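Let me begin by presenting the structure, written as structure tokens, before commenting on it.
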Protein chains: 2
Amino acid sequence: MDQTIQQLEVWCAGEDWCPVTATATLIGKKWHTVVLHRLLAEGPLGFNALQDEIGGISSKVLSDVLEDLEEKRLINREIVNEKPVRVEYSLTELGASLESVILEMAEWGQEHLTAAEKDGSIA
Amino acid sequence: MDQTIQQLEVWCAGEDWCPVTATATLIGKKWHTVVLHRLLAEGPLGFNALQDEIGGISSKVLSDVLEDLEEKRLINREIVNEKPVRVEYSLTELGASLESVILEMAEWGQEHLTAAEKDGSIA
DNA sequence: GCCATATAGTTACCTACCGTTACTAGGTTA
DNA sequence: TAACCTAGTAACGGTAGGTAACTATATGGC
């Protein structure tokens, strides 16, 4: 505990950039994280499949998020020449390396938010 | 690797809520994460101290973020009766429990963004 | 009293992002 | 031809994020 907090201090002390700020700038948006999570968990997915998996995201917002994630080199967009021409979204190596972060968020949510979400005390 | 991905699948399969979505809804905003990080690393801080520590955040946005984090019960706002009346922001137990997530983000940023940020290839 | 400084914000304003609904567009199947 | 699959885009409105200036309260110095 003290060890890790020490680490956090060292990383940001007197620096003009901070790894947390940088990471938060990159993936610090609700849908970005969720999209990465689904691609991690379910593997490469098409546009509609991804939208169905996520649930509650509109095609416009998903389209925007995918474009942004591609720009940031976290996902690949590949056009597959099959019967109905599909598009397959998958994680880049950089994107896949975020697994530890996503997993930590998943564990934290599981531990701390289950009950709260269900009775609505944290909205 | 396979183990952890298996976990991610199990947690979200067929559920109407997902711990990642829930967590991302709670802290999936750039400044929220950064504020929590500074409070973790530097301990309780006043308004101006926090603003200075973060750098690049306006007082209006910081004010909004602090209000939101307090509503979500991740931080405490305590008025300290000293010479100039101060306000001290600190983490709640729930907020402090996010250390593992923040730490993971810090480690990831340190490993994957340092070079990229410096040469601007990820903006 | 008057001014400067330090505390912690607020107000007005603008822009950019989020979200909803509807619609587009190419190709396949019946 | 029409229905249905794929993957989006267009138009529009509301909310959040961001900037710059300003408020408010209290302390200490002149």
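These figures come from a predicted structure and were not determined experimentally. Numbers restart at 1 for each chain; the letters A, B, ... are given by sequence-line order, proteins then strands.
Atom CD1 in B:I75 sits about 13 Å away from atom P in C:dA8, given to the nearest Å. Rounded to an integer number of Å, the gap from NE2 of A:H32 to P of C:dC17 is 10 Å. Between the CG atom of A:D68 and the P atom of C:dG19 there is a distance of 14 Å, given to the nearest Å. Atom CG in A:L62 sits roughly 16 Å away from atom C1' in C:dC17 (whole-Å rounding). Rounded to whole angstrom, the span from the CD1 atom of B:I79 across to the C1' atom of D:dA26 amounts to 14 Å.
Applying the side-chain contact (heavy atoms from CB on, under 4.5 Å) test to A:S90 and every residue at least two apart in sequence or in another chain returns A:P44, A:N76. Shown here are the salt bridge (charged side-chain N to carboxylate O under 4.0 Å, His left out) partners of B:E104, two or more places apart in sequence or in another chain: there are none. The side-chain contact (heavy atoms from CB on, under 4.5 Å) search around B:E70 returns B:I75, B:R77, not counting sequence neighbours. Residues meeting the side-chain hydrogen bond (donor to acceptor under 3.5 Å, both in side chains) test with A:N48, sequence neighbours left out: none.
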Which pairs, protein N/O on one side and nucleotides 2-12 of chain D N/O on the other, fall under 3.5 Å?
from: D:dA7; atom 1: OP1; to: A:F47; atom 2: N; distance (Å): 3.4
from: D:dA7; atom 1: OP1; to: A:V87; atom 2: N; distance (Å): 3.4
from: D:dA7; atom 1: OP1; to: A:V87; atom 2: O; distance (Å): 3.4
from: D:dA7; atom 1: OP2; to: A:N48; atom 2: N; distance (Å): 3.2
from: D:dA7; atom 1: OP2; to: A:N48; atom 2: ND2; distance (Å): 3.4
from: D:dG8; atom 1: OP1; to: A:R77; atom 2: NH2; distance (Å): 2.4
from: D:dG8; atom 1: OP2; to: A:Y89; atom 2: OH; distance (Å): 2.5
from: D:dT9; atom 1: OP2; to: A:S63; atom 2: OG; distance (Å): 2.8
from: D:dT9; atom 1: O4; to: A:S59; atom 2: OG; distance (Å): 3.1

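For the pair B:W31 and D:dA16, the criterion of a side-chain N or O lying under 4.0 Å from OP1 or OP2 is not met.
Screening residues 46-63 of chain B for salt bridge (Lys or Arg N to Asp or Glu O under 4.0 Å) gives B:K60-B:D64 as the qualifying pairs, with residues at least two apart or on separate chains.
Side-chain contact between A:L62 and A:W31 is absent, with no heavy atoms from C-beta onward closer than 4.5 Å.
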